[in-house]
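Chain letters run A, B, ... following the sequence lines, proteins first, then strands; residues in each count from 1.
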2 protein chains.
Amino acid sequence: MVDVARLAGVSLKTVSRVVNGEPHVQRAMADRVLAAVAELGFQRNHMASALRAGRPSATIGLIIEELANPFYSTIAHVTAEMARERDTLLLSASSEEDPGREEQLLRDLCSRRVDGLLVVPAGCDHSFLHGQMELGIPVVFLDRPGTNIDADAVLLDNRGGAHSGVRRLVEQGHRRIGVLLDSVDVHTMRERLAGAQEALADAGIGYDGSLVRDGVRDPATAATAVAEMLAEPHPPTAFLTLNNRITVGAVQELWRRGSDAALVGFDDFELSHLMPRPLTVIAYDTRELARRATQLLFDRIDGDRSRPRTIVLPTDLVDRGLR
Amino acid sequence: MVDVARLAGVSLKTVSRVVNGEPHVQRAMADRVLAAVAELGFQRNHMASALRAGRPSATIGLIIEELANPFYSTIAHVTAEMARERDTLLLSASSEEDPGREEQLLRDLCSRRVDGLLVVPAGCDHSFLHGQMELGIPVVFLDRPGTNIDADAVLLDNRGGAHSGVRRLVEQGHRRIGVLLDSVDVHTMRERLAGAQEALADAGIGYDGSLVRDGVRDPATAATAVAEMLAEPHPPTAFLTLNNRITVGAVQELWRRGSDAALVGFDDFELSHLMPRPLTVIAYDTRELARRATQLLFDRIDGDRSRPRTIVLPTDLVDRGLR
DNA sequence: AGAGAGTATGACAACGTTGTCCAGCCGGTG
DNA sequence: CACCGGCTGGACAACGTTGTCATACTCTCT
């Protein structure tokens with residue numbers, strides 16, 4: 001900027017005024033400045049500008065599980081899109097389910113003075129964010145609530161969704177329902193499992209631990225688990241798969257062995273209607289989830305100081321037949 | 001930092017030294033500073049720090065088409081991961097195929113003084129990046145080369161891939177091969193089409209414009225196009241679909257009508273092996289594409305001033321049967 | 001002609017941090 | 001005892017920008 005000022009023969013401040021479109025600069029002088037800007041290829045340093053003016057950095061931070069996962073990349077996309085409408089950019093990072101890493105990323109984002117944080121929490125303690133929130137960096141949790149902190153959260157009705165899925169299976173006469181899940185360490189999974197168990201209880205069906213498989217982290221494991229459960233003396237006649245990776249593995253195994261076991265899966269996914277058998281899924285609107293959370297964050301950034309809210313979005317049982 | 005210094009009863013610079021782990025500070029004094037830091041919840045302002053020290057911002061920019069698309073989100077993920085190993089964060093934005101928007105995003109990223117740019121170009125003129133590159137912001141193009149600019153690029157062998165796909169169809173005796181593509185405006189598509197036409201020419205098969213359908217942007221359009229082409233007097237006996245959205249639509253239509261037309265699709269995708277019919281696809285390693293580009297960018301950031309390189313990664317014809 | 005109001009421009013400090021340099025202190029040396 | 005060198009700690013300027021205020025000029029109205 002100093003160079004531009006020198007080349008145009010004006011003061012620093014005049015350049016600043018021209019660059020920022022402030023009034024009170026004569027046309028001729030502005031033209032000289034703009035010519036100098038063009039000649040030197042000057043570009044305003046956004047960081048210095050924000051620093052001096054005490055302005056927001058026009059950047060928000062997003063912490064998700066894993067950017068390559070369609071669920072999270074959809075969130076990132078919606079958020080980035082809404083951010084762009086406010087001339088804000090998105091700093092995104094994946095926690096990979098590692099609480100330590102999540103904390104480090106969050107601190108890193110804060111030290112970059114992002115205007116706000118959107119977090120799909122992996123950690124089990126977010127109290128360290130208190131300070132940042134008091135210092136004016138709002139935080140909105142997404143998909144799972146934060147722990148040890150009173151902050152906004154936008155969640156899915158995981159419990160209700162699983163409940164309705166199991167109810168549908170029970171209505172069709174199933175009483176032995178195998179439940180496959182990723183990990184009870186994840187809040188989402190605990191809620192889904194709880195919803196399923198509530199529905200079973202509602203139907204007067206007692207809990208049978210042998211029908212629940214934890215630690216099913218990929219399609220291959222899901223296929224194996226299905227095979228094992230079907231080989232037992234009293235095999236399940238239906239399955240509830242608590243995420244789409246598990247659903248895919250289970251479908252593949254059921255189809256491979258020509259089993260007529262029923263299946264309901266949590267999460268819809270792009271090609272679910274092209275699976276070898278029609279699939280009933282517990283679906284939800286990922287984009288809406290992201291939209292609501294991002295909107296809430298921007299409201300906070302714009303000064304909304306009302307009490308933290310928790311928004312729970314409904315799920316939708318998409319019935320394409322059970323087998 | 002001023003507050004911390006006052007509370008600890010030391011000078012500003014001493015706080016800076018402690019916070020940055022510089023030597024030559026006595027243990028007792030450092031402890032006092034750290035206590036003050038903890039009490040005030042002080043966090044270093046990364047932007048001010050980078051500004052003063054003239055240091056890199058530890059941020060890189062990524063411009064892609066659309067973050068929600070698995071191809072691009074995989075790239076974003078790999079890049080973010082490699083960046084994290086260098087304590088660098090990723091600013092990502094989607095151009096949505098809009099050149100104007102791409103340019104604005106690029107300028108915005110530059111004004112934030114990112115250390116480097118990774119770009120899947122949508123625009124048709126990137127000469128405006130010259131200035132930035134001279135000012136020391138390296139740019140690496142990904143998936144498509146930049147235009148009017150001499151910069152690094154990491155590409156796929158689109159031409160060779162389409163060539164091998166068509167050759168396979170020709171080997172099976174097909175002479176009328178329908179080609180469905182998104183848009184010839186996209187460099188990738190042009191290359192794939194050219195590769196297909198070269199393979200036809202190599203086989204002595206003349207060009208027949210009625211066998212090429214442009215503007216097929218989604219599965220539904222693809223299905224319609226397939227239906228129309230099959231209804232013509234001399235219908236194609238095989239199809240080459242130039243991206244996975246088109247492939248999905250075409251497969252669906254072929255399967256629906258029980259057609260025995262052969263099919264080769266460009267792009268593999270997650271559930272391709274679960275499609276209603278086995279699918280032969282021209283696959284490639286998206287992660288490797290991102291890895292190479294990101295590595296190249298970091299090499300440049302680290303001072304590699306050698307001539308711009310263009311790296312072309314091979315494709316792989318994954319044969320799961322043609323019908 | 002002079003007051004008053006408004007416009008155009010510039011000098012300077014400040015944002016939060018770090019590089020540079022200098023001063024004081026210590027122990028050891030000639 | 002004067003001096004040297006290394007270790008500590010602090011004062012100050014600077015990074016690139018903008019807010020504040022002062023100044024100079026122009027115009028209008030009495």
Carboxylate-amine/guanidinium contact [X] [Y], below 4.0 Å:
| X | Y | answer |
| --- | --- | --- |
| B/Arg144 | B/Glu97 | yes |
| B/Arg101 | A/Glu81 | yes |
| A/Asp152 | A/Arg309 | no |

Any base atoms under 4.0 Å from [X], or only sugar-phosphate, or nothing? Heavy atoms, all strands.
| X | result |
| --- | --- |
| A/Met29 | sugar-phosphate |
| B/Arg17 | base |
| B/Thr14 | sugar-phosphate |
| B/Val25 | sugar-phosphate |
| B/Val10 | sugar-phosphate |

Would a 4.5 Å heavy-atom cut-off, applied to side chains only, mark B/Asp115 and B/Thr59 as touching?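 The answer is no; the side chains never approach within 4.5 Å.
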Find out whether A/Leu296 and A/Ile311 are in side-chain contact, i.e. whether some heavy atom of one side chain is under 4.5 Å from a heavy atom of the other. yes
From [atom1] of [X] over to [atom2] of [N], roughly how many Å is that when rounded to an integer?
| X | N | atom1 | atom2 | result |
| --- | --- | --- | --- | --- |
| B/Arg6 | D/dG10 | CZ | C1' | 16 Å |
| A/His24 | D/dT23 | NE2 | P | 19 Å |
| A/Gln26 | D/dA24 | CD | P | 17 Å |
| B/Asp31 | D/dG9 | CG | C1' | 16 Å |

Checking side-chain contact (heavy atoms from CB on, under 4.5 Å) between A/Phe71 and each of A/Val120, A/Asn243, A/Asp143, which is the one that passes? A/Asp143
Report the residue (A/Val19 or B/Arg52) whose heavy-atom-nearest nucleotide on DNA chain D is the more 5′ of the two. B/Arg52
If you pin B/Ala53 and B/Lys13 to their nearest nucleotides in DNA chain D, which one's is more 5'?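 In this pair, the answer is B/Lys13.
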Could you walk me through whether A/His77 and A/Arg287 pass the side chain to side chain contact (heavy atoms under 4.5 Å, CB included) test, one step at a time? CA-CA 9 Å; A/His77 186 246; A/Arg287 301 178 61 86; 4.2 Å; yes
Nucleotides bounding contact with chain A, strand DNA chain C, heavy-atom threshold 4.0 Å: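 The protein-touched segment is C/dT7 to C/dG16.
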